[in-house]
Amino acid sequence: MKISIIYVSQTGHTEEAAEYIQDGILAKHPFIQVRPMDIRAGDVDLEFLAQSEAVIFGSPVYFSSMSWELKKWFDNSFRIDLSGKLGAAFVTAQSPTGGVDTAIMEILRHMLVKNMLVFSGTDPAQAFQIGAVGIGKEIGASAEQFEAFGESVAQTALRLFGK
């Protein structure tokens, strides 16, 4: 099984969150191949993405929305077939009231247009329901949440796709 993590990071916080998500996946499922891909660095491996059963998208929050780079990626990826893949979202922000929910919902809407299955938190005891959130300079304090998010996405992908 393969899981792609596609993200945009400007200050390094979203990249750090992506690493925590990868750690959470691999801690419980070391047989899963996980590849974080930074859009700003041009790291998106289209072959690995095509083979992935799940794709986790991450972005910093800008004006209560996803970053323009992730939006541009979605806008320009109309030939990339993500249909039937499990999609999940996470964001980082400077404040918990800075539009984290609307940014995640915008990412989820783009996943729906791509005909993806949308992940929602599977455990009510977890801190996430529609996606995971970390707050800027305190991103390390959210490490366990991001790890649990990654583990939960992986468990759901295994249940759905059985690989």
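Numbering starts at 1 and runs along the sequence shown.
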Minimum heavy-atom separation for [X] to [Y], with atom names?
| X | Y | result |
| --- | --- | --- |
| Ile139 | Gly134 | CD1-CA, 3.7 Å |
| Met1 | Phe161 | CE-CB, 4.0 Å |
| Glu15 | Tyr7 | CG-OH, 3.3 Å |
| Leu108 | Ala89 | CD2-CB, 4.1 Å |
| Glu151 | Lys28 | CD-CG, 3.4 Å |
| Phe149 | Gly131 | CE1-CA, 4.0 Å |

Go through Phe90 and Thr14 one step at a time and tell me if the side-chain contact (heavy atoms from CB on, under 4.5 Å) criterion holds.
CA-CA 9 Å; Phe90 70 98; Thr14 310; 3.7 Å; yes
Would you indicate whether the side-chain heavy atoms of [Y] and [X] approach each other to under 4.5 Å?
| X | Y | result |
| --- | --- | --- |
| Ile80 | Leu46 | yes |
| Lys71 | Tyr62 | no |
| Glu53 | Leu160 | no |
| Tyr20 | Ser142 | no |
| Met66 | Phe57 | no |
| Leu82 | Leu49 | yes |
| Trp73 | Val8 | no |
| Pro60 | His13 | no |

Can a donor-acceptor pair be found, under 3.5 Å and without considering hydrogens, that links the side chain of [X] to the backbone of [Y]?
| X | Y | result |
| --- | --- | --- |
| Lys85 | Ser52 | yes |
| Gln145 | Val133 | yes |
| Ser67 | Ser59 | no |
| Ser83 | Asn115 | no |

Value rounded to 0.5 Å, distance of [atom1] in [X] from [atom2] in [Y]:
| X | Y | atom1 | atom2 | result |
| --- | --- | --- | --- | --- |
| Ile130 | Ile104 | CD1 | CD1 | 5.0 Å |
| Lys137 | Thr92 | NZ | OG1 | 13.5 Å |
| Leu70 | Ile39 | CG | CD1 | 4.5 Å |
| Lys72 | Glu69 | NZ | CD | 8.5 Å |
| Ile25 | Gln33 | CD1 | CD | 12.0 Å |
| Glu47 | Lys2 | CD | NZ | 7.0 Å |

Parallel, tilted or perpendicular, as decided by the 30° and 60° cut-offs, for the rings of Phe74 and His110:
tilted
Mind checking whether Ile107 and Phe78 sit in one hydrophobic cluster, side chains of I, L, V, M, F, W, Y counted as touching below 4.5 Å?
no
Would you say Leu112 and Val55 are hydrophobically clustered, going by side-chain heavy atoms of ILVMFWY under 4.5 Å?
yes
